[in-house]
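Residue numbers begin at 1 in each chain, while the letters A, B, ... track the order of the sequences.
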Number of protein chains: 2
Amino acid sequence: MQSFRSPIGLELSQTARVVSRAFDDALDQAGGSLPVWLILLNLKIRRPGNQRELAEAVGVREATLTHHLNALDARGLITRRRDAVNRRIHVVELTQAGEEAFLRMREAALAFDRRLNDGLTDADRDNLTGLLHRLAANVGAAENDSPPWAGLAEPPPKPGRRPTAAPGTGAAE
Amino acid sequence: MQSFRSPIGLELSQTARVVSRAFDDALDQAGGSLPVWLILLNLKIRRPGNQRELAEAVGVREATLTHHLNALDARGLITRRRDAVNRRIHVVELTQAGEEAFLRMREAALAFDRRLNDGLTDADRDNLTGLLHRLAANVGAAENDSPPWAGLAEPPPKPGRRPTAAPGTGAAE
DNA sequence: TATTGTTATACTCTATAACTATA
DNA sequence: TATAGTTATAGAGTATAACAATA
């Protein structure tokens, strides 16, 4: 009788659920949510050429992104203007309030990540990351090879230089 | 310059998302969804004394569970009747169609689990599970010590005996 | 015609609050 | 009063399809 081992899919699911809910709570207290955080984060650390790219980085459809952008716009956190050169493109930018909201969420995300990592060594993290990547690879969805998150942790990214390192944070969905 | 390591919260989130979507697709083709699968699974492998227990095992509120039960009832997959002894309790049971739906989803879940586990050794799985449990513990949510999933894989649980082993499957949410 | 994005609409999952029925 | 469950209502997140604007 082999020792019991519950399906890793379920383990992943359950863990993602608890961690995700905790992260949502943390972001909520900073006035955000996971999609909002990912949107602001991506706006800060990359310069998505268009909304399709941004949507992809966030992991939603374009229409879904518009939905979130409308909400952010209504809250005064972003502005949208036409690109002068290619007027089909809407350039999305953070307002002052948006920058502040970003910083609050970033703080919450970093604090959460510290809590989440408590007691884990670098080796543990590498190990976990590797295993997670293998799972993702196994289900096909040929994961984004270059993570859309980066930058953060260090003081707000310096203008003119596309940051490439240091943790932000996010959590399961 | 320390090597880049993206936040595990985000890694977990992204992995859970892709795996979850793949699992949802798999269940969808079998006529199900994650909550539906978890409900049927729990009805089969434990005998939840009441809906509160069932809701807890599935990870939702009682009202949310009722919502799902209503849908399952409408689809003719379950029946609800009052318990003869304590008439406040609604005994939920699978209909014949429910049993068949369960088997289809179980098949899909098992196939998915095999795919997900491709190339992973038992040690890998134990390792991953251990790390996931540590993450869950770190965010407080004092995880269910005794997993609500078990039974499955072997032929449908024999009546009169609460099964205790072998993988079902579930995936990230 | 192809690209970029928005609007309209709807579905799923979830939750809270108020209610019914039973004890 | 306390317990078991349902109903009513709502909100977040997501999606598809149809549309408008621009190239």
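When distances run from any side-chain atom of A:Thr64 to the nucleotides D:dG13, D:dA15, C:dG5, the shortest one goes to D:dA15. Nearest nucleotide to the side chain of A:Asn50, out of C:dT14, D:dT14, C:dT4: C:dT4.
A:Asp122 CG to A:Asn127 CG: the interatomic distance, rounded to the nearest 0.5 Å, is 12.0 Å.
The distance between atom CD of B:Glu56 and atom P of D:dA4, rounded to the nearest whole Å, is 12 Å. Between the CD1 atom of A:Ile89 and the P atom of C:dT6 there is a distance of 12 Å, given to the nearest Å. In this structure, A:Leu27 places its CG atom 14 Å from C1' of D:dA12, rounding to the nearest Å. Between A:Leu65 atom CG and C:dT6 atom P the separation is 8 Å, expressed in whole Å. Distance, A:Arg52 CZ to C:dG5 C1': 12 Å, rounded to whole Å. Taking atom CG of A:Leu34 as the reference point, atom C1' of D:dT14 lies 13 Å away to the nearest angstrom. D:dA4 atom C1' lies 16 Å from atom CZ of B:Arg81, rounded to whole Å. As rounded to whole Å, 15 Å separates atom P of C:dC11 from atom CG of B:Asp28.
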Distances under 3.5 Å only, N/O to N/O: pair up the protein atoms with those of nucleotides 21-23 of chain D.
from, atom 1, to, atom 2, distance (Å)
D:dT22, OP1, A:Arg87, NH2, 3.4
D:dA23, OP1, A:Arg87, N, 2.7

Table of protein N/O atoms under 3.5 Å from nucleotides 8-10 of chain D N/O atoms:
none

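Of the side-chain N and O atoms in B:Gln51, none sit less than 4.0 angstrom from OP1 or OP2 of D:dT3. Taking only side-chain nitrogens and oxygens, A:Ser33 comes nearer than 4.0 Å to OP1 or OP2 of D:dG13. Residue B:Arg21 has a polar side-chain atom (N or O) positioned under 4.0 Å from OP1 or OP2 of D:dA15.
With axes fitted over five pairs at each extremity, the angle between the ends of the helix from C:dT1-D:dA23 to C:dA23-D:dT1 is 30° (10° resolution).
Applying the side chain to side chain donor-acceptor pair (under 3.5 Å) test to every pair with at least one member in residues 65-76 of chain B, sequence neighbours left out, gives these pairs: B:Asn70-B:Arg80, B:Asp73-B:Arg80.
Side chains of A:Thr121 and A:Asp124: a donor-acceptor N/O pair is present below 3.5 angstrom, by distance only.
Residues passing the side chain to side chain donor-acceptor pair (under 3.5 Å) test with B:Asp118, sequence neighbours excluded: none. Taking A:Asn50 as the reference, nothing meets the side chain to side chain donor-acceptor pair (under 3.5 Å) condition, with sequence neighbours excluded. A search for side chain to side chain donor-acceptor pair (under 3.5 Å) contacts involving B:Arg88 returns B:Asn86, not counting sequence neighbours. Qualifying side chain to side chain donor-acceptor pair (under 3.5 Å) partners for A:Glu100, counting only residues two or more places apart in sequence or in other chains: A:Gln96. Considering only residues two or more places apart in sequence or on other chains, A:Arg82 meets the side chain to side chain contact (heavy atoms under 4.5 Å, CB included) condition with A:Arg87, A:His90. Residues satisfying the side chain to side chain contact (heavy atoms under 4.5 Å, CB included) test with B:Leu27, not counting sequence neighbours, are B:Phe23, B:Trp37, B:Met105. With sequence neighbours excluded, the residues satisfying side chain to side chain contact (heavy atoms under 4.5 Å, CB included) with B:Ala97 are B:Leu77, B:Thr95.
Taking the charged nitrogens against the carboxylate oxygens, B:Glu93 and B:Arg81 do have a contact shorter than 4.0 Å, which makes a salt bridge.
Within the 3.5 Å criterion, the main-chain N or O of B:Val60 finds no donor-acceptor partner in the side chain of B:Thr64.
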Next on the checklist: Apply salt bridge (Lys or Arg N to Asp or Glu O under 4.0 Å) to residues B:Asp24 and B:Arg21 and explain how you reach the verdict.
Outcome noted: CA-CA 5 Å; B:Asp24 279 346; B:Arg21 288 192 180 175; over 6 Å; no
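Within the 4.0 angstrom heavy-atom criterion, base atoms lie near A:Glu62.
Contacts between residues 68-76 of chain B and DNA chain D, defined by a heavy-atom separation below 4.0 Å, involve B:Asn70, listed by number.
Around CD of A:Glu53, the count of heavy atoms belonging to other residues, nucleotides or ligands within 6.0 Å exceeds 12.
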